[in-house]
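Atom set for the values below is all heavy atoms of this structure, side chains included, hydrogens, waters and symmetry mates excluded. Note that the structure is a prediction, hence the values are computed from the model and not measured.
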Number of protein chains: 2
Amino acid sequence: MNTNFDIENFILDFSNSCQKKQKKVFSKNEVVTTYIKNRNQLCILLDGNADLVRYDLNGNRTIVEHFSKNALFGEVFYTITTNNELLVEAKSNCTVLFYIYDDIFHKCRNNCKFHQTLSENLPQLILNKVTDLNMRIELLTKRSTRDKLLGYFSLLSTRKLSTSFELPFSLTDLADYLSVDRSAMMRELKLLKEDGFIEKIGNRIILLYK
Amino acid sequence: MNTNFDIENFILDFSNSCQKKQKKVFSKNEVVTTYIKNRNQLCILLDGNADLVRYDLNGNRTIVEHFSKNALFGEVFYTITTNNELLVEAKSNCTVLFYIYDDIFHKCRNNCKFHQTLSENLPQLILNKVTDLNMRIELLTKRSTRDKLLGYFSLLSTRKLSTSFELPFSLTDLADYLSVDRSAMMRELKLLKEDGFIEKIGNRIILLYK
DNA sequence: CATAATGTGTTGCTTTTGCAACGGAAAATA
DNA sequence: TATTTTCCGTTGCAAAAGCAACACATTATG
């Protein structure tokens, strides 16, 4: 996450300072948490990978966000407006810290340093989420599967400062992230290879164009 | 916009308190502003309607956000990460206040009340944007044009607390907002009518299902 | 008021995407 | 290690969406 706020040190310094917290360990595919209206839970992923997933009424699965080490998530960052189930699924073994925010923008009743520091930095952290969401929207508004794939690859390439990078998703999950059918995406992936846009070696993509 | 912060009164009280501002009037279809990296402009729509629009390399147009009276917009709320042109277009005659934020989360150098009050409420305002963006993502991840239309209609219906409501867009713009082809959307709209999901009288939609 | 510009509604055709199904590879698990 | 489960890669077919073109309505504008 791109922030001036040093989450890593913050966690090291303060993670034990608040009494109102819980630390839990999850194994792969377990449900870490479900998003519930007005609870204002805040979670920190100390270790592992997890996805925020939504299931709609048609049974379609959408990966809304992907979290890795030190990611912050929870209802604090996501005002819930619909009835759709929103849950965080562990993609690997995970260690997670849970906090409840009585009031997002004010101090913890216990007046602990953790909540205080976090409150100060919350605006910046939320703005980071906004950036992520806008990127997501940009991807989703692309009209074809090809453009979604290329857009996503170019994003990863920019982040890694390299035309070669690992996919953080399985291909099945990538399809759910781009909101397209998996087999149609595989077909397009093949065409992208044939048309010389990309190379794919296992989980690694190499961008060839420009 | 759904916020505890009373924008209307805030504008009345403070819009003249900061020296670093500009008030401008635009006529329909004029470009209100272009989003530029690191400028941190903040705009308040005093009157009229405007859209945040993106044009991609294929010439596709996407309406990213729709603004009406008292809406806040500008780079402050949108961390720019791509090269795509992002601009705000007046959809009617508009009056807009412009401010520049030297530093989003700190006080204006002039220490004016406007920036101070806004700083205090910025987290809440950003959270409102997050809500909007999440709804947008939810719409865009729907797999079919039908589901996008129904999802959008149900959203408007919830907002207006009525199964009957006016569309805030022309149908051409609605297609750009849902990121679908206009004629395909028209076709689907016709089918929705035929299948008894909606009624459409001019600009007004009536939801018939459930 | 006449004319231009924009928006609506429609359609035939083409392309893209989704769906369903399957075999084999890889990974997780007993 | 054997076995089950998940993931990858592919394909034929059906459905949906995009494209292009047009007539007509409505709205702006000289």
- Donor-acceptor under 3.5 Å (B:Lys200 side chain, B:Gly202 main chain): yes
Nucleotide [N], atom [atom2] - distance to [atom1] of [X] in whole Å:
X: A:Arg61; N: C:dG18; atom1: CZ; atom2: P; result: 16 Å
X: A:Met185; N: C:dT17; atom1: CE; atom2: C1'; result: 13 Å
X: B:Lys148; N: D:dG18; atom1: NZ; atom2: C1'; result: 12 Å
X: B:Ile205; N: C:dT8; atom1: CD1; atom2: C1'; result: 13 Å
X: B:Asn93; N: D:dT27; atom1: CG; atom2: C1'; result: 14 Å
X: B:Asp176; N: D:dC19; atom1: CG; atom2: P; result: 12 Å
X: A:Asn60; N: D:dA16; atom1: CG; atom2: P; result: 14 Å
X: A:Asp181; N: D:dA15; atom1: CG; atom2: P; result: 15 Å

- Please list, chain by chain and in numerical order, all residues satisfying side-chain contact (heavy atoms from CB on, under 4.5 Å) with B:Lys91, sequence neighbours excluded. B:Asn49, B:Asp51, B:Arg61, B:Asp173
- Task: Could you list the residues that satisfy side-chain contact (heavy atoms from CB on, under 4.5 Å) with A:Ile201, not counting sequence neighbours?
- Result: A:Glu199, A:Ile206
- Message: Pair B:Arg54, A:Thr141 - check side chain to side chain donor-acceptor pair (under 3.5 Å), show working.
- Response: CA-CA 10 Å; B:Arg54 179 177 50 234; A:Thr141 52; 2.9 Å; yes
- Message: Output one letter per nucleotide in nucleotides 6-11 of chain D: B when a protein non-hydrogen atom lies under 4.0 Å from the base, S when only the sugar-phosphate is that close, - when neither is.
- Response: -SBBBB
- Task: Would you please confirm or rule out a distance under 4.0 Å between OP1 or OP2 of C:dT17 and any side-chain N or O of A:Thr145?
- Result: yes
- Item | Of residues 48-56 of chain B, the positions that come close to DNA chain C - non-hydrogen atoms, cut-off under 4.0 Å | none
- Once you build an axis from the first five pairs and another from the last five of the helix from C:dC1-D:dG30 to C:dA30-D:dT1, how far apart in angle are they, to 10 degrees? 60°
- Query: Less than 4.0 Å between a side-chain N and a carboxylate O, is that true for B:Asp195 and B:Arg146?
  - Reply: yes
- Between atom NZ of A:Lys190 and atom CE of A:Met186, what is the distance when rounded to the nearest 0.5 Å? 9.5 Å
- Note on the structure: Separation between CZ (A:Arg187) and CG (A:Asp181), nearest 0.5 Å, reads 7.5 Å
- Task: Identify the heavy atoms of B:Ser179 and B:Lys148 that sit nearest to each other, and give their distance.
- Result: O-NZ, 4.0 Å
- Geometric cation-pi criterion A:Lys129 and A:Phe77, 6.0 Å radius, 45° cone: yes
- Can a cation-pi geometry be assigned to B:Lys23 and B:Phe98, taking NZ or CZ under 6.0 Å from the six-membered ring centre and within 45° of the ring axis? no
- Summary of salt bridge (Lys or Arg N to Asp or Glu O under 4.0 Å) pairs that have at least one residue in residues 27-49 of chain A, sequence neighbours excluded: A:Arg39-A:Glu75
